[in-house]
Amino acid sequence: MIQLSKPIVTDEEIEMVNKVLRSGMFVQSEHVQLFEKSLGEFMGVNKVLAVSSGTAALHLSLQALGIKEGNAVFLPAFTFPATANVVELQRARPILVDVEEETYNIDPKKLEKSILDWKGPETPKAIIIVHQFGAPCNMTKISSIAKKYGLFLIEDAACALGTKWQGKHAGTFGDVGCFSWHPRKSITTGEGGAVVVKDDNLNKQLLLLKNHGLDKSSEGNVNLILPGFNYRLTEFQAALGNEQLKKFNYWIEKRKTLVEYYNEFFKNVSNIQLPKKISGHAWQTFMIVIKRQTSQSKLIAEMRKKNVEINIGSHALHMLDFYEKKYKYNINDFPVSKQLYRQGIALPLYPGLEKKDIHYICSSFKEILNRS
């Protein structure tokens with residue numbers, strides 16, 4: 001079976017994790033600190049906090065920024081539910097914005113219109129953008145919008161390690177950048193994530209919140225400053241992540257090569273829309289869009305018979321039961337997100353694939369599509 005995504009874990013990484021396990025030191029020690037330092041060097045920043053998941057990173061960020069009941073947060077309608085769920089957990093209101101058809105990212109024009117048109121009782125407080133599948137959002141326009149309307153800017157960069165906008169790393173433009181190390185991401189610690197932040201006071205708040213709100217003085221005394229969470233990354237996860245990061249530049253180049261193979265094999269297929277080529281794209285996922293109505297479930301099942309795993313790309317939040325029912329959305333409220341949700345297909349992409357694998361995937365997919 002050619003899997004949709006397959007993490008690469010080498011013998012060196014396994015040995016490093018074993019070394020940590022044998023040490024008996026599982027939390028809050030040197031490997032987490034080293035991982036944070038390595039991530040900071042990779043992205044050109046000096047404040048990185050390793051946390052237990054990408055969702056934890058988002059939740060911590062909203063809590064630290066004071067997002068609460070009575071606030072409104074603007075975010076893309078086409079994204080994984082966690083992006084909106086953390087807003088709900090803070091009892092704030094998520095305001096959905098449709099995305100661009102070619103990039104799958106939040107549309108800056110529709111974002112500004114949504115802000116200007118908002119008439120609800122909640123006070124606009126923040127924007128969460130998602131660098132979908134590793135494609136960089138237009139951070140020039142979005143940063144300008146956030147500044148213009150006095151809104152916090154949170155980057156959901158769960159898929160975007162290595163993504164750049166005009167030479168600068170995704171996750172480093174806003175007030176906070178949030179990353180994920182889930183097994184489908186370009187590097188993995190199993191579960192895990194990170195927060196990138198600029199402001200010293202916000203960094204201190206995040207440090208407290210991720211570790212129960214506890215603070216240790218220079219004398220070693222521990223005090224509770226505020227109620228917090230347990231969102232810490234373990235030592236053995238950090239050891240794995242740090243070893244993976246050493247190979248990441250090679251892996252991202254391999255992903256770009258595989259994407260070129262996909263583009264080559266699909267270039268004359270009229271029923272398929274390929275993702276837009278954008279400078280700085282990190283290609284965590286390769287999602288195509290079927291231009292005519294077809295059954296995603298049938299395509300997925302037929303490709304599985306050919307030993308190839310494919311899946312939907314992401315979700316249209318307004319079409320999911322919770323958000324549809326709570327906010328009375330109509331299925332056509334966000335037409336681009338609807339199309340991407342119903343007609344988008346994520347194809348296998350990970351550094352272990354070769355050109356012959358991509359050729360087989362594309363040939364099989366075209367055959368099934370032509371007869372469906």
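Positions are given from 1 along the sequence.
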Can you name the nearest heavy-atom pair linking Arg342 to Ile331, along with the distance?
NH2-CD1, 3.2 Å
With sequence neighbours excluded, tell me which residues meet ring pair (Phe, Tyr, Trp, His ring centres under 6.0 Å) with Phe236.
Phe26
NZ/Lys6: more than 12 non-hydrogen atoms of other groups inside 6.0 Å
no
Same hydrophobic cluster for Leu153 and Ile95, using side-chain heavy-atom links shorter than 4.5 Å among ILVMFWY?
yes
If every non-hydrogen atom of Tyr327 is compared with every non-hydrogen atom of Pro94, which pair is closest and at what distance?
OH-CD, 3.4 Å
Is the cationic atom of Lys168 (NZ for Lys, CZ for Arg) positioned less than 6.0 Å from the six-membered ring centroid of Phe173 and within 45 degrees of its normal?
yes
Any chain of hydrophobic side-chain contacts (each under 4.5 Å) joining Leu274 to Leu347?
yes
Evaluation steps, salt bridge (charged side-chain N to carboxylate O under 4.0 Å, His left out), between Lys210 and Glu36:
CA-CA 14 Å; Lys210 84 163 190 172; Glu36 291 172 339; 3.6 Å; yes
With Phe286 as partner, the option from Phe365, Tyr104, Tyr262 fulfilling ring-ring contact (aromatic ring centres under 6.0 Å, His included) is Tyr262
Give, for atom CG of Asn311 and atom CD1 of Ile345, the distance between the pair rounded to the nearest 0.5 Å.
7.5 Å
Can you find a heavy atom in the side chain of His318 that is under 4.5 Å from one in the side chain of Tyr323?
no
Does His131 form a side-chain hydrogen bond (donor to acceptor under 3.5 Å, both in side chains) with Glu155? I'd like the steps, not just the answer.
CA-CA 8 Å; His131 300 285; Glu155 293 178 74; 2.8 Å; yes
Is the ring pair His59/Phe229 parallel, tilted or perpendicular, if the boundaries are 30 and 60 degrees?
tilted
Using every non-hydrogen atom in the two residues, find where Leu369 and Ile290 come nearest and quote the distance to one decimal.
CD1-CG2, 3.9 Å
Assert yes or no for the condition that the ring centre distance of His169 to Phe42 is strictly below 6.0 Å.
yes
Check: residues 73-84 side-chain donor-acceptor pairs under 3.5 Å, at least two apart:
residue: Thr79; atom: OG1; partner: Thr83; partner atom: OG1; Å: 2.9
residue: Thr83; atom: OG1; partner: Phe80; partner atom: O; Å: 3.3
residue: Thr83; atom: OG1; partner: Asp156; partner atom: OD2; Å: 2.9

Under the salt bridge (charged side-chain N to carboxylate O under 4.0 Å, His left out) rule, what do Lys254 and Glu354 come out as? Steps first, then yes or no, please.
CA-CA 9 Å; Lys254 180 66 181 292; Glu354 299 297 338; 3.4 Å; yes
Could you see if Trp181 belongs to whatever hydrophobic cluster contains Trp251? Use Ile, Leu, Val, Met, Phe, Trp, Tyr and a side-chain cutoff under 4.5 Å.
yes
What pairs with Lys326 under salt bridge (charged side-chain N to carboxylate O under 4.0 Å, His left out), at least two apart in sequence or on another chain?
Glu88
Of the non-hydrogen atoms in Asn105 and Pro136, which two are nearest, and what is the gap between them?
ND2-O, 3.3 Å
Ser53 and Glu191: which non-hydrogen atoms are nearest, and at how many Å?
CB-OE1, 4.3 Å
Can you check salt bridge (charged side-chain N to carboxylate O under 4.0 Å, His left out) on Asp200 and Lys47, steps first, answer last?
CA-CA 8 Å; Asp200 286 336; Lys47 295 183 184 68; 2.9 Å; yes
Tell me whether Glu15 is salt-bridged to Lys19, with the criterion being a basic N under 4.0 Å from an acidic carboxylate O.
no
Between Glu41 and Lys37, does any side-chain N to carboxylate O distance fall below 4.0 Å?
yes
